[in-house]
Amino acid sequence: MSVDTVDTNKVYRLAGRLMLKPDGDVTLAFDPQTLAVHQLNATLAAVAERLDGERSTESVVLDCSEAWGLDVGAASREVYRSLQILLAESLIEVCE
């Protein structure tokens, strides 16, 4: 799958190896396999935390819309942009 395209029919989850830790205005995603640390802004962290491997992308959009006080279209754009970034950095994975 191209990272430019988020498949809304797929369910995503945080890559199992990652550990998230809030740190001030950012959330740190630590990968113990590579020892890499990724900084997630509030939007990326909010989306990543909702990706539990069971919720649909649409459900995540609706939840974020409510939490952020945005209309569904605006929340959808933010969630899809976040999914693209998280996929490109291999911080999330598609559930099979």
Side-chain angles (χ1 to χ4, degrees):
M1 169 178 28
S2 166
V3 295
D4 296 329
T5 305
V6 172
D7 187 340
T8 58
N9 296 314
K10 300 285 184 181
V11 174
Y12 299 92
R13 68 176 170 228
L14 189 66
R17 68 187 185 281
L18 294 179
M19 295 181 276
L20 296 181
K21 180 181 181 210
D23 187 30
D25 293 339
V26 299
T27 295
L28 302 176
F30 175 66
D31 183 339
Q33 290 178 351
T34 64
L35 302 180
V37 177
H38 303 268
Q39 281 189 334
L40 307 181
N41 66 22
T43 302
L44 290 171
V47 171
E49 289 167 355
R50 286 171 169 81
L51 301 176
D52 60 7
E54 296 180 12
R55 299 176 67 184
S56 67
T57 303
E58 180 181 357
S59 173
V60 172
V61 167
L62 293 174
D63 189 47
C64 289
S65 173
E66 184 177 317
W68 298 336
L70 296 176
D71 64 72
V72 173
S76 179
R77 287 187 294 277
E78 291 299 320
V79 169
Y80 294 148
R81 187 174 312 132
S82 296
L83 290 172
Q84 289 172 335
I85 293 167
L86 294 166
L87 281 167
E89 295 295 324
S90 300
L91 300 179
I92 60 173
E93 54 198 20
V94 176
C95 297
E96 298 299 327

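Given the structure is predicted, the values throughout are model-derived calculations rather than measurements. Numbering starts at 1 and runs along the sequence shown.
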When you group the ILVMFWY residues by side-chain heavy-atom contacts below 4.5 Å and let the links chain together, are [Y] and [X] in the same group?
{"X": "M19", "Y": "L28", "value": "yes"}
{"X": "V72", "Y": "Y80", "value": "yes"}
{"X": "V11", "Y": "L83", "value": "no"}
{"X": "L86", "Y": "V37", "value": "no"}
{"X": "F30", "Y": "L18", "value": "no"}

Checklist entry - Do you know which two heavy atoms are closest between C95 and Y12, and how far apart they sit? => result SG-C, 4.1 Å

Item to check | Considering all heavy atoms, the nearest L14-L91 contact | outcome: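 The answer is CD1-O, 3.4 Å.
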
Determine whether a donor-acceptor pair (N or O, by modelled atom type, separation under 3.5 Å) exists between the side chain of [X] and the backbone of [Y].
{"X": "S65", "Y": "V61", "result": "no"}
{"X": "D23", "Y": "V26", "result": "no"}
{"X": "R55", "Y": "L51", "result": "no"}

Do [X] and [Y] have side chains that approach each other closer than 4.5 Å (heavy atoms only, starting at C-beta)?
{"X": "C64", "Y": "R50", "value": "yes"}
{"X": "E66", "Y": "L62", "value": "no"}
{"X": "L20", "Y": "L40", "value": "yes"}

Next on the checklist: Return the OG1 to NE2 distance between T27 and H38, rounded to the nearest 0.5 Å.
Outcome noted: 13.5 Å

Checklist entry - Between CD of Q39 and CG of D25, what distance do you get to the nearest 0.5 Å? => result 10.0 Å

